[in-house]
Amino acid sequence: MNNLSILYVEDDPMVRENFVEILGHYFSHIFSAEDGLSAYDLYLQHRPDILLLDISLPKMSGLDLAEKIREDDDKVAIVMMTAYADQEKLMRAVNLQLHAYLVKPVQVSELDKSLTSLIDTLQKEEDILWLKEDFKWDQTQEELLYHDEVVQLTQKERLIMRLLTAHPTQFFSACEITNELYERPKNDDTECNNVVQIISRFKSKIINTYDKDLFFIQNTYGLGYKIRLR
């Protein structure tokens, strides 16, 4: 069983109960709601990985809910369920980045196909850490990527990225990074200053090569260095 979560929204209580039971075979965490407003509250509380929405819902339609969520969340996966009569409404969904849409009444085989594909995609993405300026760090391969192209790193740049991405909420001083690079306590301030220069050259390489204004390593006076996440 994966550790993914899903928010399922359906106003018919019998259909909702049946689907929640089915979804229990795929997900460890299932949240369900009967209308769009309740669903939005649950989304804000739990930030699920996947939304399974009926296009026609009380209080707030599935499309309105998806549009509201997409205002500040472009990562959550959305699957929309529609009746044949709702097909024209999907024209509004062109910019919502839907993973899939399922025609009601939804066949179990189609649901299985869609969820299996989505789960596989999300599990692969779990090893990817999205950084500022469209860069991402593959934690398994220890590779920095820009638009899926590998950015060439020196050994020390790779070690710095490994440390900062392993602790994305933590600041590290130059001397703490030095200890990681050389796997021993620093001998003097010269080594710490060397790390400052390494990161400075790393920043110049990225900004000049990729024409970016913002480097994905944050340097805050008095705190140190920290990775910038999207």
Checklist line | Interatomic distance, L51 atom CG to R70 atom CZ [nearest 0.5 angstrom] | finding: 7.5 Å

Next item on the list: Could you tell me the separation between the CG atom of D213 and the CD atom of E133, rounded to the nearest 0.5 Å?
Entry: 6.5 Å

Check: Are L53 and L44 joined in one hydrophobic group, where the rule is that I, L, V, M, F, W and Y side chains link up if heavy atoms are under 4.5 Å apart?
Finding: yes

Note to self: Centre-to-centre under 6.0 Å for F172 and Y225, is that the case here?
What the structure shows: no

Margin query: For S204, is there any backbone N or O sitting under 3.5 Å from a side-chain donor or acceptor partner on N208?
Written below: yes

Check: Any link between L163 and L159 through a network of hydrophobic side chains (Ile, Leu, Val, Met, Phe, Trp, Tyr) touching at under 4.5 Å?
Finding: yes

Next item on the list: Specify the closest pair of heavy atoms between Q139 and T165, including all atoms of both residues, with the distance to one decimal.
Entry: OE1-O, 3.9 Å

Margin query: So does S117 get a backbone contact from the side chain of T121, meaning a donor-acceptor N/O pair under 3.5 Å?
Written below: yes

Check: Would Y210 end up clustered with F215 when hydrophobic side chains under 4.5 Å apart are linked, directly or stepwise?
Finding: yes

Next item on the list: Taking the side chain as every heavy atom from C-beta outward, state whether Y146 and T209 have any atom pair closer than 4.5 Å.
Entry: no

Check: Can L122 be reached from L145 by stepping across I, L, V, M, F, W or Y side chains whose heavy atoms are under 4.5 Å apart?
Finding: no

Next item on the list: Measure the acute angle between the ring planes of Y8 and F19, then classify it against the limits of 30° and 60° as parallel, tilted or perpendicular.
Entry: parallel

Next item on the list: Could you tell me whether the side chain of D11 and the main chain of D35 form a donor-acceptor pair under 3.5 Å?
Entry: no

Notebook entry, point to check: Hey, are the side chains of L63 and I55 touching, using non-hydrogen atoms and a 4.5 Å cut-off?
Noted result: yes

Check: Less than 4.5 Å apart, any side-chain heavy atom of D73 and any of R47?
Finding: yes

Next item on the list: Please tell me if the side chains of D41 and Q45 come closer than 4.5 Å, counting only heavy atoms from C-beta onward.
Entry: yes

Check: Are there more than 12 heavy atoms of other residues, nucleotides or ligands under 6.0 Å from atom CD of Q170?
Finding: yes

Check: A33 and L42: which non-hydrogen atoms are nearest, and at how many Å?
Finding: CB-CD1, 3.9 Å

Checklist line | Contact check, side chains of I160 and I217, non-hydrogen atoms, under 4.5 Å | finding: yes

Margin query: Check whether T178 reaches the backbone of A174 with its side chain - one donor and one acceptor, N or O, closer than 3.5 Å.
Written below: yes

Note to self: Are P48 and I6 packed together at the side-chain level, in the sense that at least one heavy-atom pair is separated by less than 4.5 angstrom?
What the structure shows: no

Margin query: Within the structure provided, determine whether L131 and L144 are in side-chain contact (heavy-atom separation under 4.5 Å).
Written below: yes

Next item on the list: State, with a plain yes or no, whether a side-chain heavy atom of N219 is found less than 4.5 Å away from one of I199.
Entry: no

Check: Is it true that F202 and F216 have ring centroids separated by less than 6.0 Å?
Finding: yes

Next item on the list: Mark yes or no for whether S173, through its side chain, and G224, through its backbone, hold a donor-acceptor pair below 3.5 Å.
Entry: no

Checklist line | Note: R158-E142 ion pair, threshold 4.0 Å (strictly below) | finding: no

Note to self: Testing the basics here: between V76 and D49, what is the closest heavy-atom pair and its distance to 0.1 Å?
What the structure shows: CG2-O, 3.4 Å

Check: In terms of side-chain heavy atoms, does Y43 have a donor or acceptor partner in K68 at a distance below 3.5 Å?
Finding: no

